[in-house]
Colleague: 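Take this structure, written in structure tokens, and hold onto it; I'll ask about it next.
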Amino acid sequence: MPTVDASIPVLLPSSSIPRPPSHPHLEWTPKRYLSDPQPPPMDDARVLEQEMAAARQLQDGKAVKKTRPRRTVDFNAGMGRWNLLRKHRPNSTYVPSMRPAPPFIADLLPPIAYPGNSSTSLCTKFIHTSTNKIRCPVNVVTWTPEGRRVLTGSTSGEFTLWNGLTFNFETILQAHDSAVRAFQFTHSGSFLASADQNGIIKYFQPNMNNLTAWAGHREAIRGLSFSPDDRRFATASDDSTIRIWSFEESREESVLTGHGWDVKCVEWHPSKGLLVSGGKDNQIKFWDPRTGAVLSTLHQHKNTIQGLAWSPNGNLVASASRDQTVRVFDIRAMKEFRVLRGHKKEVCSVTWHPVHPILVSGGSEGAVLHWDLGGPEPTTSQPITQPRATLSQAHDSNIWSMAFHPMGHLFVTASNDHTTRFWSRERPGDATSVFSGGGEKPPEIIDMSGQDDEDDAMVPGFSYGGTNKWWGKEEDPVGLGDSSYSQRAPLSGDDPMGSDDFIPGFGSADNFGGSSAVAPKQSGPLPGQEEMWTADSRSESRGEEWGNRRGGWTGRGRGYNPNGPRRGRY
């Protein structure tokens, strides 16, 4: 028992000063449970089953794969505990304080329980990488309305459904004949509208049953957004127009013209009759969807606007541009609210957290930056807002799309490196966490177990085993349909015969118009979506090279035919 130094003045009442026990022999000391808790023993039957499976693999001549348990992360974000606490807490603002120790992970509540603490919404802990069997860039990603699954749309025209709890593959559907460029669920969650590279718009039910399809634009559709009442939706296209459609009738209501070049994104205000669009002419325009008039135009960016996102309350709109900046505008005063500089290359996508004032942006260098806009505005002495968290090697290439779980505790990113990756919040007292606010987060080893792919360990920011090689160059503004850059090269190593995707007679070096079977080394960044998957290469390869590769979905959600031709480009 500690003793009080007589030289220190005593400011506490005498009753609170510790004193040695008057009866030492009566002091209690524990006699049982002196050791730390031990993990439960392994089930003998399960161990025997694993040994038998490994023996069968050895007999078949296959390498034994190490079985790793799948990690279930942030199960429902503590919603049950939060609902119980709301009934029994002493006052409406009471929340148990978090403590930095692993036992308190069970007490972690959903982000909505911490309205004043944005740190609980920084999804910087890597969970899982999900990759299709046949790899191709993933262009769009979203959570299903109930938050149980993740839907991705790829350049091959496929919809892939991933489990939102265990992050494994559920189903795949050949939804479009060309690259999926945009999709969105209605606010009611009853329907999904999607658009592709050829300007085709389709409706789907949540069970992925295709309802209708029609040609909406002459060129690629880059953005799609529903009105707050789901009666209408807007599409933005490379034909420099924005079109407003009646959802129920699939009828065009109006055409908004005013952009001088391709329109890359469009977003409907979450509660008002207001549209915002961004294009290749470096302009952000606000539209009245009733009259089709331009209400205001912003000229702050110096390059193409690649993404827009309204804040949940509708007061702020964030824009991502190829000038390497993210800008936030306050529409109440129609002025620039923040300029966010931190990306080393162009910014490809941007999204808001559903609860806290956190903005997340993804760049073409593969970095994901979290910005906390709830703090004080930057001063004149330090005008640049620093990112709250940085994942500098989240992906190997452009991050085309990102989405938060409706509750805000999980985060998913889709990239040009053919992967979909899941991220969660840091856990209290997590020994493996080395993240610190505003700092760099080093790469971690990825658990590839249980996927539709090889069970290889991989590190974010580094290649899959071999060196990725691309037949391409930096983006050429003159002609995206140049045949010499429209095909995809072998992915693993220098020899195309060693590639997992290589089949003799399908896509070998003679298709590239060159004599060498080796793709040249890529000196610049990975090429854009259009360069790798152009309309010319799709139309030639779909009918001739890839038509009889293997069985597949016979089209637009009508059923699976194991002997039929595989639709779409891989």
Side-chain angles (χ1 to χ4, degrees), residues 132 134-142 151-160 172-184 192-204 208 210-224 233 235-241 243 245 250 262-266 306 398 400-401 414-416 418 420 472 475 479-483 485-488 501 506-507 511 527-550 552-558 564-570:
N132 281 345
I134 300 177
R135 296 186 173 120
C136 61
V138 186
N139 295 335
V140 280
V141 64
T142 186
L151 181 68
T152 61
S154 65
T155 309
S156 62
E158 290 177 329
F159 286 171
T160 309
I172 192 169
L173 170 71
Q174 187 68 47
H176 285 264
D177 293 332
S178 59
V180 181
R181 293 297 179 195
F183 57 41
Q184 188 176 22
L192 171 77
S194 63
D196 67 12
Q197 177 75 23
N198 292 340
I200 306 297
I201 302 173
K202 293 188 178 184
Y203 292 167
F204 293 89
M208 294 302 133
N210 183 217
L211 298 175
T212 184
W214 76 95
H217 289 263
R218 296 189 305 272
E219 297 186 34
I221 297 176
R222 298 292 177 175
L224 188 151
F233 66 95
T235 56
S237 171
D238 283 353
D239 61 10
S240 305
T241 65
R243 297 174 190 259
W245 306 84
S250 304
D262 302 354
V263 187
K264 294 297 185 184
C265 46
V266 63
Q306 300 213 108
N398 306 52
W400 294 127
S401 182
S415 171
N416 198 52
H418 314 163
T420 303
E475 193 161 335
L480 295 175
D482 187 359
S483 60
Y485 300 103
S486 61
Q487 296 277 1
R488 197 176 67 174
D501 295 337
F506 292 88
N511 292 333
Q529 298 180 61
E530 296 89 346
E531 292 186 29
M532 290 183 291
W533 304 87
T534 62
D536 295 338
S537 62
R538 276 196 308 273
S539 61
E540 294 172 4
S541 59
R542 184 183 298 116
E544 299 171 8
E545 296 177 9
W546 301 90
N548 299 316
R549 179 168 178 181
R550 59 180 70 183
W553 290 91
T554 57
R556 304 185 190 92
R558 290 194 293 269
R566 184 83 177 198
R567 297 286 296 270
R569 171 70 195 270
Y570 292 86

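Throughout, residue positions are numbered sequentially from 1 according to the sequence presented. What you are looking at is a predicted structure, and each value in this text was computed from that prediction instead of being measured.
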Colleague: I need the minimum non-hydrogen distance between I221 and A195, along with the two atoms involved.
Modeller: CG2-CB, 3.5 Å

Colleague: Contact between L151 and L192 at the side-chain level, heavy atoms closer than 4.5 Å - yes or no?
Modeller: yes

Colleague: Sequence neighbours excluded, which residues qualify as side chain to side chain donor-acceptor pair (under 3.5 Å) partners of S194?
Modeller: H176

Colleague: Hydrogens and angles aside, do E158 and T160 bring a side-chain donor and acceptor to less than 3.5 Å of each other?
Modeller: no

Colleague: With sequence neighbours excluded, tell me which residues meet side chain to side chain donor-acceptor pair (under 3.5 Å) with T235.
Modeller: H217, W245

Colleague: Got a second to check how far L224's CG is from C265's SG, nearest 0.5 Å?
Modeller: 12.5 Å

Colleague: Are any side-chain N or O atoms of N398 and backbone N or O atoms of W400, one a donor and one an acceptor, separated by less than 3.5 Å?
Modeller: no

Colleague: Drop me the distance from S240's OG to R218's CZ, to the nearest 0.5 angstrom.
Modeller: 9.0 Å

Colleague: Considering all heavy atoms of both residues, which atom of E219 and which atom of S237 are nearest to each other, and what is their separation?
Modeller: O-OG, 3.5 Å

Colleague: For a quick test of reading the model, state the closest non-hydrogen atom pair linking I200 to D196 and the distance between them.
Modeller: N-OD1, 2.9 Å

Colleague: Are the side chain of T155 and the backbone N or O of C136 linked by a donor-acceptor pair below 3.5 Å?
Modeller: no

Colleague: Test H418 against N132 for side-chain contact (heavy atoms from CB on, under 4.5 Å), laying out the working first.
Modeller: CA-CA 8 Å; H418 314 163; N132 281 345; over 6 Å; no

Colleague: Rounded to the nearest 0.5 Å, how far does OG of S156 lie from CD1 of I134?
Modeller: 8.0 Å

Colleague: Which heavy-atom pair separates N416 from P137 by the least distance, and what is that distance?
Modeller: OD1-CB, 3.3 Å

Colleague: Are the charged groups of D262 and R222 less than 4.0 angstrom apart, N to O?
Modeller: no

Colleague: Please enumerate all residues that pass ring pair (Phe, Tyr, Trp, His ring centres under 6.0 Å) together with F159, with sequence neighbours excluded.
Modeller: F183, F204

Colleague: Locate the shortest heavy-atom distance separating V141 from S401; write the atom from each residue and the value.
Modeller: N-OG, 3.2 Å

Colleague: Yes or no on salt bridge (charged side-chain N to carboxylate O under 4.0 Å, His left out) for K264 and D238, after CA distance, side-chain angles and deciding distance?
Modeller: CA-CA 7 Å; K264 294 297 185 184; D238 283 353; 3.6 Å; yes

Colleague: What is the minimum heavy-atom distance between G216 and I201, and which atoms define it?
Modeller: CA-CD1, 3.9 Å

Colleague: Starting at NZ of K202, measure out to CH2 of W214 and round the result to the nearest 0.5 Å.
Modeller: 11.5 Å

